[in-house]
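One structure below.
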Amino acid sequence: DGEVLLVAREGLPSSSPGGVPGDLILTICVEHDSDPDLTRDGLDLTLQLPVTMPEAILGARISIPTPHGSCVMTLPEGLHSGARLRLREMGIWRDGARGDFYVVIQIQSPTHLTERIRQIASELAHGYPGDVRAKK
């Protein structure tokens with residue numbers, strides 16, 4: 001954002017007879033709020049990725065959109081919300097340098113709770129060895 005590009009002889013024509021066109025000067029303005037789930041830090045990109053509880057618990061193979069096309073990422077078992085995974089060199093490419101693409105996991109709970117889902121959640125509660133909020 002804010003980079004200035006000069007395109008030689010693509011501007012307005014000269015006012016003098018037989019003069020060459022001037023240079024076209026472009027200032028790049030990147031819309032920063034186009035996708036609040038995708039942020040940029042230099043050449044690195046970070047995507048806030050919603051995943052289901054089963055995907056976080058059991059692991060999954062999911063498609064991740066990057067500037068270079070979709071990439072399949074394997075989520076390991078037992079992910080926590082806030083876990084940060086990296087796709088090396090899948091961020092911004094510029095002047096021979098390549099940034100990384102980070103995926104931050106955001107676990108989403110089901111919104112429609114059936115009796116069966118409540119029962120499964122109750123059983124799942126037995127999988128925690130203690131108080132998850134206790135200081136370690």
Side-chain angles (χ1 to χ4, degrees):
D1 190 44
E3 183 172 351
V4 177
L5 302 175
L6 183 136
V7 184
R9 299 186 183 198
E10 292 295 329
L12 294 174
S14 172
S15 59
S16 60
V20 296
D23 295 337
L24 176 64
I25 298 173
L26 300 170
T27 302
I28 306 300
C29 295
V30 177
E31 186 177 335
H32 295 285
D33 296 329
S34 60
D35 185 351
D37 292 333
L38 183 66
T39 56
R40 179 177 175 180
D41 181 19
L43 297 180
D44 294 335
L45 296 172
T46 300
L47 175 68
Q48 302 293 322
L49 182 72
V51 299
T52 66
M53 287 186 148
E55 289 171 330
I57 293 169
L58 303 173
R61 289 181 52 84
I62 58 174
S63 180
I64 306 292
T66 76
H68 315 289
S70 291
C71 179
V72 175
M73 174 180 254
T74 300
L75 303 180
E77 292 181 356
L79 280 175
H80 297 278
S81 258
R84 190 173 182 194
L85 308 173
R86 179 173 69 170
L87 293 170
R88 195 179 300 255
E89 297 186 350
M90 293 300 284
I92 303 297
W93 297 358
R94 182 160 187 194
D95 299 329
R98 294 181 176 202
D100 294 329
F101 193 98
Y102 293 94
V103 175
V104 178
I105 301 300
Q106 302 297 324
I107 299 173
Q108 303 295 303
S109 296
T111 54
H112 178 69
L113 299 179
T114 64
E115 190 54 42
R116 177 70 180 133
I117 292 174
R118 289 176 194 276
Q119 181 183 19
I120 291 169
S122 179
E123 292 174 24
L124 180 62
H126 297 291
Y128 295 95
D131 184 357
V132 297
R133 289 171 291 284
K135 302 238 185 228
K136 294 180 182 185

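Between R84 and V104, the shortest heavy-atom contact is CG-CG2, 4.2 Å. Minimum heavy-atom separation, P76 to L79: O-CG, 3.5 Å. Residues R40 and L43 come closest through the heavy atom pair NH2-CD2, 4.3 Å.
Looking at V103 and I64, their side chains come closer than 4.5 Å, going by heavy atoms from C-beta outward. Here the side chains of L49 and I62 are in contact, with some heavy-atom distance below 4.5 Å. By the 4.5 Å heavy-atom criterion applied to side chains, P67 and F101 are counted as neighbours. Residues I107 and M53 form a side-chain contact, since some pair of their non-hydrogen atoms from C-beta on lies under 4.5 Å apart. Proximity of M73 to L87: side-chain heavy atoms (C-beta onward) are separated by under 4.5 Å at one or more points. Contact annotation: the side chain of T39 never approaches that of L45 to less than 4.5 Å [non-hydrogen atoms, C-beta and beyond].
For the atom pair I120 CD1 and R118 CZ, the distance stands at 12.5 Å (nearest 0.5 Å). Interatomic distance, CG of D37 versus OG1 of T46, reported as 11.5 Å (0.5 Å rounding). Atom CG of L113 and atom CD of Q119 lie 13.5 Å apart (nearest 0.5 Å). Here L47 contributes atom CG and Q106 contributes atom CD; the two are 9.5 Å apart, rounded to the nearest 0.5 Å. Note that CG of D44 and CD of E89 are 11.0 Å apart. Values are rounded to the nearest 0.5 Å. In this structure, CZ on R133 lies 5.5 Å from CG on D131, to the nearest 0.5 angstrom.
A salt bridge between E3 and R94 is present, with a side-chain N of the basic residue lying under 4.0 Å from a carboxylate O of the acidic one. No salt bridge links R88 with D100; every basic N to acidic carboxylate O contact stays at or beyond 4.0 Å.
Put simply, L85 and I92 are part of the same group of oily side chains (I, L, V, M, F, W, Y) that touch within less than 4.5 Å, one to the next.
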Could you list the donor-acceptor pairs under 3.5 angstrom formed between side-chain atoms of residues 10-26 and any protein atom two or more places apart in sequence or on another chain?
residue : atom : partner : partner atom : Å
S14     : OG   : S16     : N            : 3.2
S14     : OG   : S16     : OG           : 2.9
D23     : OD1  : R9      : N            : 2.9

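D41 meets the side chain to side chain contact (heavy atoms under 4.5 Å, CB included) test with no other residue; sequence neighbours excluded.
One N or O on the side chain of H68 and one on the backbone of G91 form a donor-acceptor pair closer than 3.5 Å.
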